[in-house]
Structure formats: structure tokens, C-alpha cells
Amino acid sequence: MKVNVLRSGGFAGLTTAWEVRVDEQPDPAQWVQLVDSCPWNDPDKCSPGQDRYVYELKAGPHRTMLGEEYLQGPWRVLVDRVRADGRRVG
């Protein structure tokens, strides 16, 4: 499974993306548990404001978009972990 985080917007309107291949990580079971802890079935929460980031997250069959103000709890943990352990793409 791949986990992708795409961040767009902000002051300069730049897009940055990160990717993790879970099966290549030393702790794939923890990654699966983290992905499963996210409320993927909740509706997207995206109300971009001026100079605010919007995050698009993908993990296996799951996909959501969140405004930075909604990046809390398991979403925040997932994004921070992908950024720390993943590689920048694009």
C-alpha cells in the first residue's frame, strides 16, 4: 500500500507531495493501524481560505481532502509521519 499526502495552497500557492510505501517500512503493521484509525468515511472537510493549506490524502482505496484547520488527531499523526518517513515526490 502507498500513502500519499499532497499539500497545496499557502502564501505562494505551491504544491508539495510526499509518499510512503508501507511494505518497505520497518513497521508496516503500525502504518496499517494508523491508516485504519483515520475516519476515511467522514465527508471531506475543506474550506480553503486565503493563504491556507489544503491536504489531499490517499491510502490504498481511501481518499479525502482536508483544510489545514481540520488536520487534527489521527489525520495530523498520519500527515506528520508521511512527511517524516516518506520521500518527496513531484
I'd like to check [X] versus [Y] (side-chain heavy atoms, cut-off strictly below 4.5 Å). Are they in contact?
X: Arg76; Y: Asp80; value: yes
X: Val77; Y: Leu34; value: yes
X: Val32; Y: Met1; value: yes
X: Val35; Y: His62; value: yes
X: Arg7; Y: Trp18; value: yes
X: Val54; Y: Glu68; value: no
X: Arg63; Y: Glu56; value: yes
X: Asn4; Y: Leu57; value: no

Taking atom NZ of Lys45 and atom CE of Met65, what is their separation to the nearest 0.5 Å?
->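 These two atoms lie 15.0 Å from each other.
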For [X] and [Y], which heavy atoms make the closest approach, and how far apart are they?
X: Glu19; Y: Val82; result: N-CG1, 4.3 Å
X: Tyr70; Y: Trp75; result: O-CD1, 4.1 Å
X: Pro28; Y: Val22; result: CB-O, 3.5 Å
X: Cys38; Y: Pro74; result: SG-O, 3.7 Å

Worked verdict on Lys2 versus Val20 for side-chain contact (heavy atoms from CB on, under 4.5 Å) | CA-CA 6 Å; Lys2 287 194 301 187; Val20 165; over 6 Å; no
Check the pair Leu6 / Tyr55 against side-chain contact (heavy atoms from CB on, under 4.5 Å), numbers first and verdict last.
-> CA-CA 6 Å; Leu6 180 106; Tyr55 291 83; over 6 Å; no
Would Asp85 and Arg21 count as a salt bridge (charged side-chain N to carboxylate O under 4.0 Å, His left out) if you check the C-alpha gap in whole Å, the side-chain angles of each, and the deciding distance to 0.1 Å?
-> CA-CA 10 Å; Asp85 296 350; Arg21 292 184 181 270; over 6 Å; no
Within a reach of under 6.0 Å around CD of Glu24, are more than 12 heavy atoms found that belong to other residues, nucleotides or ligands?
->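 Count over threshold, so yes.
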Answer yes or no: does atom CG of Asp23 have more than 12 heavy-atom neighbours from other residues, nucleotides or ligands under 6.0 Å?
->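 It does: Asp23 CG has more than 12 such atoms within range.
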